[in-house]
2 protein chains.
Amino acid sequence: MQLGIPHDEVQAFACPVTFTVDVIGGKWKSLILFHLMSGTRRFNELRRLMPEVTQRMLTLQLREMEVDQIIHRKVYLEVPPKVEYSLAPLGQTLVPLITTMREWGAAHEATVIEYRKAAQVERQAEAQTSLERN
Amino acid sequence: MQLGIPHDEVQAFACPVTFTVDVIGGKWKSLILFHLMSGTRRFNELRRLMPEVTQRMLTLQLREMEVDQIIHRKVYLEVPPKVEYSLAPLGQTLVPLITTMREWGAAHEATVIEYRKAAQVERQAEAQTSLERN
DNA sequence: CGGGATCCTGCCAGATACTG
DNA sequence: CAGTATCTGGCAGGATCCCG
C-alpha cells in the first residue's frame with residue numbers, strides 16, 4: 001500500500017492512530033456507539049437519546065459506520081417501517097475504547113472546563129490591556 | 001451546570017464520551033499526543049513527524065491542547081527561538097487511551113479498508129444499473 | 001526557529017420540506 | 001417511522017506573507 005498517494009478514493013493512512021480517529025472520530029460516532037453498547041436501538045430511539053444531533057447528521061454517521069461494518073443495520077419490511085441498529089462484531093471490539101473514553105471524560109471534565117474558563121479570562125484581560133494602551 | 005444552554009462560551013457537555021471527543025477528537029490531536037508520548041518535541045520536529053499537517057493547523061491544535069493543559073509548552077528565550085512541547089500531567093492520563101487507539105487501528109485497518117472498497121464498488125454498480133434503466 | 005495575521009475556499013452542518 | 005432532497009451560511013482548514 002503506497003502512502004500519501006492513494007490510487008483511488010479509499011485512503012491510505014500514515015498511522016494507526018490517525019486511522020482510528022477516522023473511524024470513530026466523527027463528531028457523534030462514539031456517542032452513538034456508546035448508546036448501542038447497551039443494546040439494539042431503533043432510529044427514533046437514538047434521536048431521543050441524542051436530541052442535539054440532527055436527523056440528517058444521525059443518518060450520515062450511521063451510514064458511515066455501517067460501511068465500515070462497525071454497526072449493523074437491520075430493516076424490517078413492514079408498515080410502519082422499522083430499522084434496528086446494533087453493534088457489529090467489529091464494533092464490539094471498540095467497546096473497551098469507548099468505555100475508556102467515557103471514564104476519562106467523567107474523571108476530568110470538570111478540571112478541563114475550569115482550565116478553559118481560566119484561559120478565557122486571561123484572553124479577556126489581555127484584550128483589555130491592549131485596549132488601554134490605545 | 002445547565003445542559004444545552006451554556007451561559008457563556010465555555011460549553012457544557014451532555015455526555016462524558018462527547019466531552020472526550022471534544023478534547024482529543026481534533027483531526028490531529030491524538031497523533032500529536034502519540035508523538036509526545038515518546039518524549040519532548042520541538043515545533044519543527046513535530047512538523048517533520050507529521051508532514052501532512054500544515055503549520056497553521058499544527059499551531060492551532062497545539063494551542064487548544066495547551067489551554068486544556070493536556071500538553072505543556074516551554075519557551076526558551078534565546079536566538080534562534082526554541083519551543084518544546086511535552087505531555088502535561090493531564091496528558092499523561094491519556095496515554096492508555098492513545099495506546100488503545102493505536103492498537104485497534106493497527107489490528108483492524110486492513111479489514112476496514114476492504115469494507116470501504118467493497119461498499120464503493122457496490123455504489124458504482126448501483127449507479128450503473130440506474131443509468132441503464134434510463 | 002516558531003510562529004502570527006490575512007485572505008480565500010470548500011464542504012459540512014443546520015433548517016426545512018417531502019416520501020415510501 | 002425512517003428516512004431522502006435541496007438550499008444555505010459558517011467556519012474549518014489551506015496558502016501565502018510577514019515578523020521577533
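Reckoned from all heavy atoms, side chains included, excluding hydrogens, waters and symmetry mates. Naming convention: chains lettered A, B, ... in sequence-line order (proteins, then strands); numbering from 1 in each chain.
- Interface remark: the B/Arg56 side chain does not form any donor-acceptor pair with the D/dT16 base, using a distance-only criterion of under 3.5 Å.
- Taking atom OH on A/Tyr85 and atom C1' on D/dA2, their separation rounds to 8 Å, with Å as the unit.
- In this entry the distance linking CG of A/Leu58 with P of C/dA15 reads 15 Å, nearest Å.
- Taking 4.5 Å as the limit, every side-chain heavy atom of B/Leu46 sits out of range of all side-chain heavy atoms of B/Arg42.
- At D/dG14, one or more side-chain N or O atoms of B/Thr54 fall inside 4.0 Å of OP1 or OP2 (strictly under the cut-off).
- Atom NZ of A/Lys82 and atom C1' of D/dG3 are 17 Å apart (whole Å).
- Atom-to-atom, CG of A/Leu62 to P of D/dG3 comes out at 7 Å; the value is rounded to the nearest Å.
- For A/Phe43, the side-chain atoms get nearest to D/dG3 when compared with the rest of D/dC1, D/dG3, C/dG2.
- Ring geometry, A/Phe43 versus A/Tyr85: the interplanar angle falls from 30° to 60°, so the pair is classed tilted.
- Between the CD atom of A/Gln61 and the C1' atom of C/dA13 there is a distance of 10 Å, rounded to whole Å.
- Electrostatic pairing of A/Asp68 and A/Arg63 does not count as a salt bridge here, judged by no charged N lying under 4.0 Å from a carboxylate O.
- Across the protein-nucleic acid pair, B/Arg42 atom CZ and C/dG2 atom P stand 4 Å apart, rounded to whole Å.
- Checking C/dG2, D/dT4, C/dG14 against the side-chain heavy atoms of A/Arg63 singles out D/dT4 as nearest.
- Of the candidate nucleotides C/dG20, D/dA2, C/dG4, C/dG20 has the atom lying nearest to any side-chain atom of A/Pro81.
- From B/Leu97, atom CG reaches atom OG1 of A/Thr20 across 10.5 Å, with rounding to the nearest 0.5 Å.
- Checking B/Gln55 against A/Met57, the closest nucleotide of DNA chain C that is more toward the 5' end is the one next to B/Gln55.
- Using a 4.0 Å cut-off between charged nitrogen and carboxylate oxygen, A/Glu84 and A/Arg73 do not count as a salt-bridge pair.
- Protein atom CD of B/Glu78 is 13 Å distant from nucleotide atom P of C/dG3, rounded to whole Å.
- Of the side-chain N and O atoms in B/Arg73, one or more sit less than 4.0 angstrom from OP1 or OP2 of C/dG3.
- If you measure from atom CZ of A/Arg41 to atom C1' of D/dG3, you get 20 Å, rounded to the nearest angstrom.
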